[in-house]
There are 2 protein chains.
Amino acid sequence: MRITLKDLAKETGYSITTISRALAGYDDVSEQTRKFILDVAERLGYQPNQLARQLQSQRTNTIGLILPAYGPRFSDAFFSEFLSGVGTEASSHSYDLLLATQIAGTEGLPVYKRIVGSGRVDGMILLRTQQHDPRIEYLHSAGLPFVAHGRSETDFEFSYVDVDGELGLLLATRHFISLGHRRIAFVAAMPDLMLTRHRLAGYYRALAEHDLPADPALVVYGDLTQQSGLELGLSLLQMDRRPTAIVASNDLMALGVVMAARQLGLRVGVDVAISGYDDTPLAAHADPPLTSVNCLVFESGRQACRQLIELIQADQPVVKQLLLQPNLVIRASSGTSRD
Amino acid sequence: MRITLKDLAKETGYSITTISRALAGYDDVSEQTRKFILDVAERLGYQPNQLARQLQSQRTNTIGLILPAYGPRFSDAFFSEFLSGVGTEASSHSYDLLLATQIAGTEGLPVYKRIVGSGRVDGMILLRTQQHDPRIEYLHSAGLPFVAHGRSETDFEFSYVDVDGELGLLLATRHFISLGHRRIAFVAAMPDLMLTRHRLAGYYRALAEHDLPADPALVVYGDLTQQSGLELGLSLLQMDRRPTAIVASNDLMALGVVMAARQLGLRVGVDVAISGYDDTPLAAHADPPLTSVNCLVFESGRQACRQLIELIQADQPVVKQLLLQPNLVIRASSGTSRD
DNA sequence: ATCATAATCCAAAACGTTTTGGATGTCAAT
DNA sequence: ATTGACATCCAAAACGTTTTGGATTATGAT
């Protein structure tokens, strides 16, 4: 059904070579026959087979991206925004995206090997790096161009785009300190994630700046779900000397903490100050509206994609590292000065 | 760098054919040499080139999906959930997703032609159908398997998964009627979308069931943004005989209506009842929590993908049409009985 | 007439697979 | 010895492109 160069050759009487070169605009085919060939191609609705083209040229103009596994309710806006940023940038360079989904409960690396090994992508974008990240080591050893969203601890340099989590938590914690809080808790994400370490550093730095003690009991680790925010919030707020402010590592956990406060009869923004992280649409419309750290997710995706395409098209691989600066969005949940 | 069958042939001394058949598990290669070949393949880290395989087999095991264009803030959770559903189902059948982004401000059809014509996908999933949808006509005429999310008006039958919008709005409107409301407004989406027509039908049906008059002034059309919800909400709530209940066609517009009510000093859930649509995470955490219609987005994506894969693998194309039943999630924004 | 030059075209190889249709050798049955 | 059956292997074609390295013809200069 599909029209190929062979069909055009048969129809026009020229050879496949000439058809191909005419369509590609080479100057060793006369203007007259070029026009003729273009006409016929147009008339028959010829569309080049990209697979054949890619196989021949060894370039796919495709960027790979692996979606982490999800349950039935996909409640984190992060990926859609990031993806949207990547997609926008990709399509403006005529790149497409190959998306594979990591099945819940399976290890991630095999999917990477499958996609990379299959030769269907020119490069990969990595999401949610870990402190020790086998995917990065694999991609590096495989020699495929890649850009990570987030940093990692490796023996080599690699390209990444990251949002400065240390700055993010520094801003949030400073904000609470400036409102007069002295016992500030941090509901962190999983400890093996790089972002956890960076944010933790920002948290400690803010405390140190103001000579506040760092109480280990005030740092707890959740799994980014609202449920874990609720549980950790309940335990934090029932401590002997409970924290007066709580920073969570994403908006969902912050909303969990809000629920916890409510269950304990505490007024958010008055009895306890709460801040989220990521500034998802949730934050702006929560009750009360949630102070949060805007992480420029769309922009990160865009930049990551831009860097990757540069990397792919460069003759010489160049490592580029970009650190975006988040900004604090202050809303009612952080309350007013305690003085 | 990459290991090919040719390399394995050279390494083992067998022919390319035998290598290929050994790896594929044909029984015309002895158990002993098969083991040997597998060992070598493993040792050299052989990964079959999917491009070559796809070119040869004329199957790509890839599903195409085109992301509508977005601005910098991607605030609709719909796509991420849908995509997550599609991705989950796809990967459980070892299919991958090819994603292209439609650049903002450009026409949609060329992207479809590019992806379909390129031969890189076995089928497509269509999002947000329109009443008259050129994409559907194109895909039908191109003979490529596809499943639409949403219905359309065509001369032929095609496969779709849809959520019964008529039922959705019927439930929401009935709910308000049962609470004693008599003037119920509908903030619809763009009139050229099929979903608008279906929901409108449900709205009218509910009114008719209870012999309520259908006031044309109470039906207004927005563009699914919060801003348009705000504007339409302001104009509706400043009418002479203002509506006492408003159903919006997505949560974002509903939140805009909530803002409008607040600006006019009306208490949501008391002076005016409001309902959203889609039941995004926003709805549950809004202030006040928003009554909404849960549309099983993840499930739709899953079903659409499942149907598409069936369609691709069937010898005989079978049209399948699936209508999922949404359910109303009642929260504080719809208030209590007015009696 | 001969030769270089330019213009226009094309056959064949290559990309990495799978599949088709044998080829070869072994062994038991005749 | 021949035959047939079976096990094991492989050369070549095919998928649809692009690129390489000419081949052919016409043109103009000598």
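Protein chains get the first letters and strands the later ones, always in sequence-line order, with residue 1 at the start of each.
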Kindly state whether the ring of A:His149 and the ring of A:Phe82 have centres lying under 6.0 angstrom apart.
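Centroid separation for A:His149 and A:Phe82: below 6.0 Å.
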
Ignoring hydrogens and angles, tell me if any N or O in the side chain of A:Ser94 forms a donor-acceptor pair with the backbone of A:Ser91 under 3.5 Å.
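Checking the backbone N and O of A:Ser91 against the side chain of A:Ser94, no donor-acceptor pair under 3.5 Å is found.
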
Donor-acceptor contact present, side-chain B:Arg2 to main-chain A:Gly117, <3.5 Å
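A pair under 3.5 Å: yes.
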
Decide side-chain hydrogen bond (donor to acceptor under 3.5 Å, both in side chains) for A:Arg120 and A:Ser118; before the verdict, give the C-alpha distance in whole Å, the side-chain angles of both, and the deciding distance to 0.1 Å.
CA-CA 5 Å; A:Arg120 282 186 296 176; A:Ser118 75; 3.3 Å; yes

Residues within residues 18-39 of chain A bordering DNA chain D, heavy-atom distance below 4.0 Å
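A:Ser20, A:Arg21, A:Tyr26, in order of number.
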
Among residues 41-59 of chain B, which contact DNA chain D at a heavy-atom distance under 4.0 Å?
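The answer is B:Leu55, B:Gln56, B:Gln58.
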
What pairs meet the ring pair (Phe, Tyr, Trp, His ring centres under 6.0 Å) rule with one or both residues in residues 121-144 of chain A, with sequence neighbours excluded?
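Counting only pairs at least two positions apart or across chains, the ring pair (Phe, Tyr, Trp, His ring centres under 6.0 Å) contacts touching residues 121-144 of chain A are A:His140-A:Phe156.
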
What heavy-atom pair brings [X] and [Y] nearest, and what distance separates the two atoms?
X: B:Ser152; Y: B:Ile136; result: CB-CD1, 3.5 Å
X: A:Leu193; Y: A:Thr129; result: CD2-O, 4.0 Å
X: A:Met124; Y: A:Leu139; result: CG-CD2, 4.1 Å

Within the structure provided, determine whether B:Gln47 and B:Ile3 are in side-chain contact (heavy-atom separation under 4.5 Å).
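They are not in side-chain contact.
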
Would you indicate whether the side-chain heavy atoms of A:Arg302 and A:Val86 approach each other to under 4.5 Å?
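Contact flag for A:Val86/A:Arg302 side chains = no.
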
Need two values: the first and the last nucleotide of DNA chain C, 5' to 3', having an atom under 4.0 Å from any heavy-atom of chain B.
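The protein-touched segment is C:dC15 to C:dT20.
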
Go through it in stages, so that I can follow the logic: the residues are A:Leu65 and A:Leu98, the test is side-chain contact (heavy atoms from CB on, under 4.5 Å), and I'd like the CA-CA distance, side-chain angles, deciding distance and then a yes or no.
CA-CA 6 Å; A:Leu65 209 139; A:Leu98 186 69; over 6 Å; no

Inter- and intrachain pairs under salt bridge (charged side-chain N to carboxylate O under 4.0 Å, His left out), touching residues 43-58 of chain A, at least two apart
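Residue pairs passing salt bridge (charged side-chain N to carboxylate O under 4.0 Å, His left out), neighbours aside: A:Glu11-A:Arg43.
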
Bend angle of the helix from C:dA1-D:dT30 to C:dT30-D:dA1, end axes from five pairs each (to 10°):
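Inter-axis angle at the ends, rounded: 80°.
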
Answer with base, sugar-phosphate or nothing: what part of the nucleic acid does B:Thr4 contact at a heavy-atom distance below 4.0 Å?
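Since only primed, P, OP1 and OP2 atoms lie under 4.0 Å of B:Thr4, the category is sugar-phosphate.
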
